[in-house]
Amino acid sequence: MSAMRGEFSSRIGFVLAAAGSAVGLGNIWGFPTQAASNGGAAFLLVYLVLAFSLAYPALMAELIIGRHAHANAVTALKGIAPGPGSRRLGAATGGAGFIVASLILSFYAIVAGWMIAHLLAAMAELAGARATANWLVEFTLPRNVLFMGLFMALTVGIIRGGVSAGIERWSRRLMPTLLVTLVLLVGYVLTLEGAMTGLKIYLLPDFKALLSPQLIISALGAAFFSLSLGVGTMLVYGSYISDRENLPVLGGVVTLVDISIAVMAGFLVLPAMYVALHNGVDIFTAGGALISEDTLIFTVLPALFETMGFTGSLVALVFFFLMTVAALTSSISMLEVPVAYTIESSAISRRRAAAGIGALISLISLAILLNFEFLFGFVVSLTTRYAQPLLGFMYCLFCGWLWHRDSILQELRRGSPDAGNTLFWKLWPGYVRYVCPAIILLIFLHSLLG
Ligand code: TRP
């Protein structure tokens, strides 16, 4: 079977693909605004600590299991389970990941569709087609369905190509594009009047906020979502890594890239908000907090671009292009989870599986769009607040308690013969066994009760 499976053709190919999965709307949209409303640099500090001490070990659990099994999440977890009961638990965890990844994609595609619509609106604006531009930014069912479908078609198109000719090839093209675009935008926004006020808010920590449980919970949730953990995405990408590679190092690089891009996005979004304020755009809610989430992206920023005239349309074009690229390298990693399982457990071809599952998920997106008020928020919090941490907990359980420690070390030694003497091996086993599950559980209970 392994001869038929795809594999990343190079180290950098894997790093770009996994970082592409990790870097998405969560980094550019979620992180900066959460930082803004949670004490600026204090949030940044907590986020950095949690990302390295909790999210990185959880990421490693997925990568190691995946590389060991060279198989989809269901087969992989069944394979490392020591007995019949834990085999069933493994199949259930893998299967739940299949469903949760599909549900995350169903709402992600809706949001990503808006990004494409705003990208085209900026082009229409530049071409002088006002009416078209207005239609593109208006929240209507036809527009939402059209662009969700378009985004899903792009995602399916890449996944049909397979691991090296689809995921890796496109990540290699899109990730450098994303980085260059982001750097250019940050550079430009920082030159504008008002930007420095935003920078101060971002970089001066409000230490009072540091110890609030709310802040810690938001930061951990953000770190988990940002590293694409819990649903088997990273497990599946790990299963395409060659046995020669040193896993802890690769995982560390992916974590670093993900964090750096989130931090860099903060240098764009917060200064931009205060530039908007300087230009007369309202950036505070009635309660006095900074406007965040969808209102920020689809109201404050477009209003800012509007105040900048022609340049504004140009900047809007670049910004929404960046968002679309970031979303696409993430969405392919979500679709790969159900596709990998389907092609490895049935006779269905990759092309058919990608198209069929893509169509099914589009139907779910359509159902969400038809009942937007009720379903959108529900699916988002069901998957990201509850399912993701819970499944992350299960992966730690498998790696820390059920899988034999010697087999883990053996797996690590394939890519680095000295793995037994590294700092990673001194710390990580205890982390996945005790620290990660305990903290995930604590946070889960807190969000259940709060
Ligand atoms: N990490 C991505 C972001 O920051 C989103 C993402 C990709 C994801 N794959 C995932 C989230 C799997 C949860 C599970 O936007």
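- A donor-acceptor pair is defined here as one N or O able to donate and one able to accept, closer than 3.5 Å; such a pair exists between the side chain of Ser330 and the backbone of Val23.
- Counting only N and O atoms by type, the side chains of Glu344 and Thr75 include no donor and acceptor under 3.5 Å apart.
- Between the side chain of Arg169 and the backbone N or O of Ala165, at least one donor-acceptor pair lies under 3.5 Å.
- Closest of all the heavy-atom pairs between Asn246 and Ser416 is ND2-CB, 3.5 Å.
- No more than 12 heavy-atom neighbours from other residues, nucleotides or ligands sit within 6.0 angstrom of CZ on Phe378.
- Using a cut-off of 4.0 Å between Lys/Arg side-chain N and Asp/Glu carboxylate O, Arg350 and Glu336 are scored as salt-bridged.
- Residues Tyr47 and Phe31 place their aromatic rings such that the two centres sit under 6.0 Å apart.
- Within a 6.0 Å radius of CZ in Phe224, other residues, nucleotides and ligands contribute more than 12 heavy atoms.
- Sparse packing is recorded around CZ of Arg352, with 12 or fewer heavy atoms of other residues, nucleotides or ligands lying under 6.0 Å away.
- Judged purely by atom type and a 3.5 angstrom limit, Arg413 has no side-chain atom pairing as donor or acceptor with the backbone of Asp418.
- Classification of the Trp114-Phe298 ring pair by plane angle, with boundaries at 30° and 60°, yields perpendicular.
- Judged purely by atom type and a 3.5 angstrom limit, Arg160 has no side-chain atom pairing as donor or acceptor with the backbone of Ala354.
- Minimum heavy-atom separation, Leu59 to Gly251: CD2-O, 3.6 Å.
- The main-chain N or O of Met115 is never found under 3.5 Å from a side-chain atom of His118 such that the two would form a donor-acceptor pair.
- Note that the CG atom of Leu16 and the CG atom of Leu179 stand 10.0 Å from one another [nearest 0.5 Å].
- Atom CG of Leu375 sits about 9.5 Å away from atom OG of Ser106, to the nearest 0.5 Å.
- The main-chain N or O of Gly24 is found under 3.5 Å from a side-chain atom of Asn27 such that the two form a donor-acceptor pair.
- Under the 30°/60° scheme for interplanar angles, the aromatic rings of Tyr240 and Tyr237 are found to be tilted.
- For an aromatic pair to be called close, the ring centres must be under 6.0 Å apart, and Trp403 with Tyr395 fails this.
- Here the closest non-hydrogen pair linking Val432 and Pro57 is CG1-O, 3.8 Å.
- Here Phe151 pairs with nothing under the ring pair (Phe, Tyr, Trp, His ring centres under 6.0 Å) rule; sequence neighbours left out.
- Judged by distance alone, with hydrogens and angles left aside, the side-chain atoms of Thr233 form no donor-acceptor pair with the main-chain N or O of Ser21 at under 3.5 Å.
- For the atom pair Leu185 CG and Phe267 CZ, the distance stands at 15.0 Å (nearest 0.5 Å).
- In this structure, Phe14 and Val163 have side chains that are not in contact, with every pair of non-hydrogen atoms separated by 4.5 Å or more.
- The heavy-atom pair separating Ala91 from Val74 by the smallest distance is CA-CG1, 4.0 Å.
- Inter-residue side-chain proximity for Leu199 and Leu270 is flagged as unmet; no heavy-atom pair is nearer than 4.5 Å.
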Tyr56 vs Tyr431, ring-ring contact (aromatic ring centres under 6.0 Å, His included): CA-CA, chis, key distance, verdict:
CA-CA 10 Å; Tyr56 170 69; Tyr431 257 94; 9.5 Å; no
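- Here OG of Ser362 is found 10.5 Å from CG of Leu369. Values are rounded to the nearest 0.5 Å.
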Could you go through Cys399 and Ile65, starting from their C-alpha distance and side-chain angles, then the distance that decides it, and tell me whether this counts as side-chain contact (heavy atoms from CB on, under 4.5 Å)?
CA-CA 8 Å; Cys399 243; Ile65 297 175; 3.8 Å; yes
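- When atom types are taken as modelled, the side chain of Ser86 and the backbone of Gly83 share a donor-acceptor pair closer than 3.5 angstrom.
- Between Thr181 atom OG1 and Leu317 atom CG the span is 10.5 Å, to the nearest 0.5 Å.
- Within the 3.5 Å criterion, the main-chain N or O of Ala326 finds a donor-acceptor partner in the side chain of Thr329.
- Listed here is the closest heavy atom pair of Leu63 and Leu247: O-CD1, 4.2 Å.
- A salt bridge does not link Glu245 with Arg414: none of the charged nitrogens is closer than 4.0 Å to a carboxylate oxygen.
- Considering every non-hydrogen atom in both Leu103 and Val379, the closest pair reads O-CG1, 3.9 Å.
- At least one side-chain heavy atom of Val183 sits under 4.5 Å from a side-chain heavy atom of Met264.
- Distance alone, capped at 3.5 Å, places no donor-acceptor pair between the Trp425 side chain and the Leu409 backbone.
- The distance from atom CZ of Arg11 to atom CD1 of Ile241, rounded to the nearest 0.5 Å, is 10.5 Å.
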